[in-house]
Peer 1: 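Below: one structure in structure tokens.
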Amino acid sequence: MTTVAGSASSPQAVADAAAMRPTAAGLRTEISPLSPRAFRAPVARYRAYAAREADAMQAPVGQLATALRRGDRGAAQAAWGRACDRYLLLGAAYRALGPLDRAIDGMPGGLRRGVADRRFAGLHRLEHGLWTGAPLASLVPWAVKLARDVHTLRRVVRTIPITPLDYATRAHEILEDAQRDLVSGRAAPWSGAGVRATADASAATAAVVGTLVPLLQGRGDALPPVQYGLRRLDAELASVRRDHGGRWPATGALTRAQHERVDGRLGAVLESLAAVPGALETQLPRAIPALPALAAPKRAATR
Amino acid sequence: MSVDRRAFLLRSAATLGAGGLAGATAQQALAGSSPTTAPASSGATAALTARVPFDGAHQAGVASPPQDQMTLVALDAIAGDRSNLVQGLQALSSRARQLAQGTTMPEQEVDEPPADSGTLGTTIAPDGLTVTIAFGASLFDDRYGLARRQPARLTTMPAFPNDDLDPARSHGDLLLQIAAQRRDTVIHTLRELMRPVRDQFALRWTLDGFQSADRGPTPHSSRRNLFGFRDGTANPDVSDAALLDQLVWVQPGAEEPGWTAGGTYQVVRAIRMHVEFWDRVGLREQESMIGRSRDAGAPLGGSDELQAPDYEADPKGARIPLDAHIRLARPRSASTESQRILRRGWNYHRGFDAAGQLDQGLAFVAFNQDPRRQFATVQERLADEPMADYVTPVGGGYFFVPRGSRGAADWVGSGLFAA
């Protein structure tokens, strides 16, 4: 079959799509699907990027352990921040990591005994101890465990399967997680690192979107507003950092005006990013088999 | 508004006259019954005079139709001793009964604070008010000597995977579910109920809920939640008494203390819904997560909300994905039907969070006979459903709803304290 460049569709299918002609299933997306092959190069570029970030996480985790053993809380907090940056910069991989993500980045909310639960481990276990005055020596085992898990991470990110749908969705959802968990102060509640973490999530999004530029160009108009929105968000974050003497302020230290502007820029770029997965579909929405119409049962006397 | 709810309100209005409001008011209610029976989509509102009896074999507010407005009030017991606690519980029942019946403002002395806040005027109409009183597991600690009478299946609600429970919005010694057709009735009730019990109970947390309006297209159509989907379609039929005895009401015998018979376990979950995120998800993905079409509420592939999803004909999830919410929540297999729960959900809206995102969600209320067998089992099945990314349970608790009081001399919970 002759296919239109950059897609898996015939000229007729592309023309039908352009004319919004209904398909047999009565469904029609605005543009014809991409070939899954088109994602090979972007995902390979992302994978190389993620491997670099995972590798770069090992050093600050080691420095964290060293600072804990030395009894230097300030140095330990600084190393924790650098380790956290690297993990957030990984962005697009963590949802696929499953239990390993829980081990490195898990929060205590779903655990029976909360922060006292033995399963509460990783970056946030250390964050809790570092910012609530726990004896530093008591945190050393958690840093050692984290170092071990990061070692596993370095191996896993190189081979982890990433489908086109996963990848296109992650372009959108890295910053959704930032809005839900980081800017709200829900994640990293003890260190207040939510603003810095949002900047990391923005950088991770830019890295993923950067690999997708060749695909997004010429597929509708999704790309320009995304690029514009990311620039606006980054400029806002940079301005906030300048206003705080070149340091990332704690989430709670943002003025109302700063918080409103960061929230607004983030919300705006998310509205644009929401169009990315749809623009990068590799298949038409599946037709849903019909459920034979039966005589509807008598309405239950309830709702 | 469902046919059954309309019939229910009409019945309630028709029973007026035996006491409480003046006959003229009852006459108005009956004369005004035509707007009440018109479909709610035409903008009709329920009569202020609609009344749900406070006393009965079971407490009101469980199997009765959910009213439009609701507030959950968790209280901590601060009573000094057991008899003081009893006084507080007696006062709650007494005042709640009076307000649910409808009353008129008592004579007032001008030099004293009025006996009623007056926010509803001098004729305090019942407005379908129900006050449902329930006990949390913490009430059965060593303070009041109740430990040995704790309902067998009452525990502190555990944190489920993906929960982010805030202790300040969870649990409590007592729970009041105050529901009526109008918000001013609910708020008046809360304010009046607290007056006689200041020495016994302290506010722990509250959550205001509202029902979406009935917007059709048919009188049978379920209302929508804040994700835009119809909710409650698959609820057990509350007119089926035998079914409720299997699923909702605690039965005499077994390992339960005798006083619990006729009661039920109430599960409350404050479920934050990340609505901005949800609104950025493709329609097909939303529908696949739920398992129903958004507009009609029909199971995917179907056309009618009340159609059965027929999973047997769809073993691989070609029509309704295997991890869709409705499929996990109620697989409709012979072995899972005894896990069904009676849901009574209200939407909530309470401002916005630190990230400028709307704090909206579901005040999930469910009644069941055994939270371990029913609610918790369903919840564990839902642990990693795709919809989990879009919701965060932030509060709630497990409570036990005792049987109803036997009349004006009785009070809710009396069985717990009987010798």
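Letters A, B, ... mirror the listed sequences (proteins, then strands); counts begin at 1.
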Peer 1: Any non-hydrogen side-chain atom of Leu291(A) less than 4.5 Å from a side-chain atom of Asp310(B)?
Peer 2: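 The answer is yes, as the side chains (C-beta and beyond) meet within the 4.5 Å cut-off.
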Peer 1: So for Leu111(A), is it side chain, backbone, both, or neither that comes closer than 4.5 Å to the heavy atoms of chain B?
Peer 2: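 For Leu111(A), the contact with chain B is made by the backbone alone.
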Peer 1: If only atom types and distance count, is the side chain of Arg284(B) paired as donor or acceptor with the main-chain N or O of Arg286(A) below 3.5 Å?
Peer 2: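 Yes; judged by distance alone, with no hydrogens or angles, the pair exists.
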Peer 1: Compare all side-chain heavy atoms of Met107(A) with those of Asp164(B) and state whether any distance is below 4.5 angstrom.
Peer 2: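 Met107(A) does not reach Asp164(B) side chain to side chain.
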Peer 1: Side chain of Gln307(B), backbone of Pro292(A): donor and acceptor closer than 3.5 Å?
Peer 2: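 Yes.
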Peer 1: Between chain A and each of Ala159(B), Gly301(B), Ala234(B), count heavy-atom pairs under 4.5 Å; write down the option with the most.
Peer 2: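 Result: the option with the highest number of such pairs is Gly301(B).
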Peer 1: What distance do His274(B) atom NE2 and Asp177(A) atom CG have between them, rounded to the nearest 0.5 Å?
Peer 2: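 That separation rounds to 10.0 Å.
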Peer 1: I'd like to check Glu276(B) versus Glu176(A) (side-chain heavy atoms, cut-off strictly below 4.5 Å). Are they in contact?
Peer 2: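 Answer no - side chains too far apart.
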Peer 1: Within the 4.5 Å heavy-atom criterion, are Phe160(B) and Arg112(A) side-chain neighbours or not?
Peer 2: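 Phe160(B) does not reach Arg112(A) side chain to side chain.
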Peer 1: Which atom pair, heavy atoms only, marks the closest approach of Pro289(A) to Ala318(B)?
Peer 2: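 Looks like CD-O, 3.4 Å.
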Peer 1: Could you grab the distance from atom CD of Gln179(A) to atom CZ of Phe277(B), nearest 0.5 Å is fine?
Peer 2: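 With rounding to 0.5 Å, CD (Gln179(A)) is 9.5 Å from CZ (Phe277(B)).
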Peer 1: Is a donor on one side and an acceptor on the other found under 3.5 Å between the side chain of His259(A) and the backbone of Ala355(B)?
Peer 2: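 Answer holds: no.
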Peer 1: Check whether more than 12 heavy atoms from other residues, nucleotides or ligands sit under 6.0 Å from atom CG of Asp384(B), and answer yes or no.
Peer 2: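 Incorrect, the count does not exceed 12.
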Peer 1: What part of Glu260(A) is in contact with chain B, defined as an atom under 4.5 angstrom from a non-hydrogen atom: side chain, backbone, both or neither?
Peer 2: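 Answer is neither: Glu260(A) stays 4.5 Å or more from chain B.
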Peer 1: I'd like to know if the side chain of Arg280(B) reaches the main chain of Ala275(A), judged simply by a donor and an acceptor atom lying under 3.5 Å from each other, with no hydrogens or angles considered.
Peer 2: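 Checking the backbone N and O of Ala275(A) against the side chain of Arg280(B), no donor-acceptor pair under 3.5 Å is found.
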Peer 1: Roughly how far apart are Asp314(B) CG and Ile288(A) CD1, rounded to 0.5 Å?
Peer 2: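 If we round to the nearest 0.5 Å, Asp314(B):CG and Ile288(A):CD1 are 10.5 Å apart.
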Peer 1: Name the region of Pro393(B), side chain, backbone, both or neither, that has any atom closer than 4.5 Å to a heavy atom of chain A.
Peer 2: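 When you check distances to chain A, no heavy atom of Pro393(B) falls under 4.5 Å.
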Peer 1: Quick one: which of Gly109(A), Gly194(A), Pro108(A) has the most heavy-atom pairs under 4.5 Å with chain B, could you say?
Peer 2: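 With the most close heavy-atom pairs to chain B, the winner is Gly109(A).
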Peer 1: As an exercise: rank Asp263(A), Val183(A), Leu266(A) by heavy-atom pairs under 4.5 Å with chain B and give me the winner.
Peer 2: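 Answer, by heavy-atom pair count under 4.5 Å with chain B: Asp263(A).
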Peer 1: Identify, with sequence neighbours excluded, every residue that meets ring pair (Phe, Tyr, Trp, His ring centres under 6.0 Å) alongside His124(A).
Peer 2: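 Ring pair (Phe, Tyr, Trp, His ring centres under 6.0 Å) check on His124(A) returns nothing, list empty.
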Peer 1: Any heavy-atom pair between the side chains of Thr392(B) and Arg186(A) that's under 4.5 Å?
Peer 2: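 With C-beta onward as the side chain, the pair touches.
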